Engineer: 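Here it is: the structure, laid out below.
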Amino acid sequence: MNTSSSAPAHLDRRRFLTGAALLGASAFALPLAGCGADTVNEPASPEAAPTPAASSASDSSAASGATELVTIGRPTDSDNLDPVTCVGNPNIFIFNLIVEGLVKTSDDGKSIEPCLATDWEVSDDGLTYTFHLLEGLTFSDGSSVTAQDWEWTFQRAMETEESNWHAAVENIDTVECPDDATVIVTTKQAAASTLACLCIFELGVQSKAYFDKVGADAYKSGIIGTGPFMLKEWKKGEYLTLEANPYYREEGLPLANAIEFKVVADDSARTIQLQGGDIDVAIDIPFSTLKQLESDANCAPHADASTITRFMALNTENEFLKDEKVRQALVKATDPQEIVDMVLYGYGQAIGSIFSPTSEYCDTSLKPNAPDVDAAKKLLEEAGKKDGFELKVLIHGGNEQEQQIATILGAQWAKIGVTLTQDEAEATSYKERMYSMDFDCLIDYWSDDIHDPTPFIQFVFDFDAASGFDTNFRQPDDVTALNEQADVEQDVEKRKVIYAQMQRAFAEQAIWIPLYAAPFQNAVRKEVSGFVQTPLGNYRFERLTKTA
């Protein structure tokens, strides 16, 4: 982000937590389970409007679906389906099926494609983008998409103080819609990231009339968009059901009449239900299970390419971790390749940066750490900690993968006298402790939502939003200045140099310990086809179906 811009002020961490009704942020640890058994078609107050699906003008059977229902088991529920105030992949991946924007990322995650805009022009000064829209766009309730809906969608994303995604829109100056077929976006400064940022989910056009009807609080329980699906029912903590949008712009799609996202928190239970046919798709299963399913006659691993990186986040307010030499010692004692070999079963790779190696902005000169126990011990001695100390790593209870990583790290760090114990917490407690920085270290996680580092970097530099990306570390002025340069630089090659400088600074700070990059850990029944998840996480389920 450009801290000198006149964009709306970023929220503080307290407001970040209460305003967003947080789940596990995509910038943070693995998704966490939601709580509460209320359903979205039970109004929160007498004035509350019906669910988006209940507002529909016709039944979803109007869509020519080839499959009645596809059931997807996932470890955690959504908790906030408002694209502006949400965080967390369990939310983002759902409303990516419900809303669509002017442009979208390609299925390989590497380029920008038209979506609701057919084409666009850019002014000579690089500030103004004029988008021409598809004709006859309709929301899933049958109402027409108007210029007012587009303007409101953008203005809300730009002006909502509780938004967690200001970085993607803070360079937008104005949005004008002279008619229902044209959207004109004017930026404050010409920037190489403009089109990528317009792919962000919060700019998917939404119904202003529906928001005005239900209000901001009820809006978290479901929205109305133009995407292939719409919300039918949400029994929080148990399941969330989408049904086909009968007004979807592509005739004959989606193929599935409905998709049910069923919460199955336990990794083993999710696998058993997949193999037994109780669910058709299993999300976020252990790598060991993916390997086992390679020989299963009825199921198949779906390890699609992703931008996921895993790394240790070190709380620099800890009495030991506040010392940079101690943090550097832990880096030198860590062997990410051993974790890859023992946990990933050939499905990933060790990394030397928290940036995904699939990103064009990743500094590939930063190699995975090669452990050097002697050098690590020397650093601890220089820090006055040669006798060692104890740390606790916060992990999700019942998460096999985090347990494995913590066990391996414990053995590696024991070689330099550091005792690492596992501190398991159930989902709600984990969430609360993570956002209040009540931990020594945790196994962190990031996946890109657009193919530009801008949203990712927001969580590093906007301290109030994310405590320096779960580290309690405030970036120094010289590194902050680099980020400001990257925001406005239009030359991609020059941006790569700037981001490389930033990544090298992060490495010296040793506030994160890069571990590995990995694919999405999903599996499907053999009768399922059309399951597409792009490297940026987008579910593309228009052709998701299963044979009888």
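Each residue takes its place number in the sequence, starting with 1. As the structure is a prediction and not an experimental result, all values here were calculated from the model.
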Engineer: Kindly write out the residues that satisfy side-chain hydrogen bond (donor to acceptor under 3.5 Å, both in side chains) with Asp304, not counting sequence neighbours, or none if the list is empty.
Structural biologist: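 Partners of Asp304 by the side-chain hydrogen bond (donor to acceptor under 3.5 Å, both in side chains) criterion, ordered by chain and then number, come out as His302.
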Engineer: With a 4.5 Å limit on heavy-atom distance, are the side chains of Arg249 and Thr138 in contact?
Structural biologist: no
Engineer: Kindly give the heavy-atom pair with the smallest separation between Asn80 and Asp82, and that separation in Å.
Structural biologist: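 Heavy atoms only, the tightest pair is OD1-N, 2.9 Å.
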Engineer: Just to verify, what does Tyr539 make a ring-ring contact (aromatic ring centres under 6.0 Å, His included) with, not counting sequence neighbours?
Structural biologist: Phe93, Phe541
Engineer: If we count only N and O atoms by modelled type, under 3.5 Å, do the side chains of Asn89 and Ser447 hold a donor and an acceptor together?
Structural biologist: yes
Engineer: Please check this pair: side chain of Arg74 against backbone of Ala282, looking for a donor-acceptor N/O pair closer than 3.5 Å.
Structural biologist: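 No; zero donor-acceptor contacts below 3.5 Å.
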Engineer: Tell me the closest heavy-atom pair linking Thr534 and Asp107, and the distance in Å.
Structural biologist: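 So the minimum-distance heavy-atom pair works out to CB-O, 3.4 Å.
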Engineer: Can you say whether the rings of Tyr219 and Phe211 are parallel (under 30°), tilted (30 to 60°) or perpendicular (over 60°)?
Structural biologist: perpendicular
Engineer: Once you measure the plane-to-plane angle for Tyr499 and Tyr361, does it fall in the parallel (<30°), tilted (30-60°) or perpendicular (>60°) bin?
Structural biologist: perpendicular
Engineer: Give me the atom names and distance for the closest heavy-atom approach of Thr309 to Ser356.
Structural biologist: CG2-CA, 3.5 Å
Engineer: What do you reckon, is CD of Glu135 surrounded by more than 12 foreign heavy atoms closer than 6.0 Å?
Structural biologist: no
Engineer: Side chains of Ile223 and Tyr210, heavy atoms from C-beta outward: is any pair under 4.5 Å?
Structural biologist: no
Engineer: Does this structure show an ion pair linking Asp141 with Lys213, if we count only N-O contacts that are shorter than 4.0 Å?
Structural biologist: no
Engineer: Between Ser353 (side chain) and Asp363 (backbone), is there a donor-acceptor pair under 3.5 Å?
Structural biologist: no
Engineer: Please check this pair: side chain of Thr358 against backbone of Thr307, looking for a donor-acceptor N/O pair closer than 3.5 Å.
Structural biologist: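 The answer is no, because no donor-acceptor pair under 3.5 Å joins these two groups.
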Engineer: Less than 4.5 Å apart, side chain to side chain, heavy atoms only: is that true for Phe463 and Gln475?
Structural biologist: no
Engineer: May I ask you to decide if Glu170's main-chain N or O and Lys188's side chain share a donor-acceptor pair within less than 3.5 Å?
Structural biologist: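 A pair under 3.5 Å: yes.
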Engineer: So, do Thr187 and Asp173 sit near enough that their side-chain heavy atoms are less than 4.5 Å apart?
Structural biologist: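 Thr187 does not reach Asp173 side chain to side chain.
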Engineer: Please give me the minimum heavy-atom distance between Ile498 and Ala486, naming the atom from each residue.
Structural biologist: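 Smallest interatomic distance, heavy atoms only, reads CG2-CB, 3.9 Å.
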Engineer: Salt bridge check: are Glu260 and Lys262 linked by an N-O gap of less than 4.0 Å?
Structural biologist: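 No, no charged N to carboxylate O under 4.0 Å.
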Engineer: Is any side-chain heavy atom of Phe261 less than 4.5 Å from a side-chain heavy atom of Leu97?
Structural biologist: yes
Engineer: Would you say Thr480 and Asn483 are linked by a side-chain donor-acceptor pair, where the criterion is simply a distance under 3.5 Å?
Structural biologist: no
Engineer: Specify the closest pair of heavy atoms between Phe154 and Val175, including all atoms of both residues, with the distance to one decimal.
Structural biologist: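 Scanning both residues completely, I find the closest heavy atoms to be CD2-CG2, 3.4 Å.
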Engineer: Should the ring pair Phe469 and Phe456 be called parallel, tilted or perpendicular, given that the plane angle runs from 0 to 90° and is split at 30 and 60?
Structural biologist: perpendicular
Engineer: With a 4.5 Å heavy-atom cut-off, do Phe311 and Ile351 have their side chains touching?
Structural biologist: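 Phe311 does not reach Ile351 side chain to side chain.
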Engineer: Got Thr146 and Phe139 here, is their nearest side-chain heavy-atom distance under 4.5 Å?
Structural biologist: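 No, their side chains stay 4.5 Å or more apart.
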Engineer: Can you check whether Ala147's main-chain N or O pairs, donor with acceptor, with Asp179's side chain at less than 3.5 Å?
Structural biologist: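 Between the backbone of Ala147 and the side chain of Asp179 there is no qualifying donor-acceptor contact (under 3.5 Å).
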Engineer: Would you say Asp284 and Gln521 are linked by a side-chain donor-acceptor pair, where the criterion is simply a distance under 3.5 Å?
Structural biologist: no
Engineer: For Phe520, what residues pass the ring-ring contact (aromatic ring centres under 6.0 Å, His included) criterion, not counting sequence neighbours?
Structural biologist: none
Engineer: Where is the tightest heavy-atom contact between Tyr248 and Thr226, given as atom of each residue plus distance?
Structural biologist: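 Looking at all heavy atoms of both residues, the closest pair is CD1-O, 3.4 Å.
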Engineer: Just wondering, are more than 12 heavy atoms of other shown residues or ligands nearer than 6.0 Å to NZ in Lys494?
Structural biologist: no
Engineer: Within the 4.5 Å heavy-atom criterion, are Tyr129 and Ile172 side-chain neighbours or not?
Structural biologist: no
Engineer: Tell me which one of Asn96, Asn538, Asn522 satisfies side-chain contact (heavy atoms from CB on, under 4.5 Å) with Gln533.
Structural biologist: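 Option passing the side-chain contact (heavy atoms from CB on, under 4.5 Å) with Gln533: Asn522.
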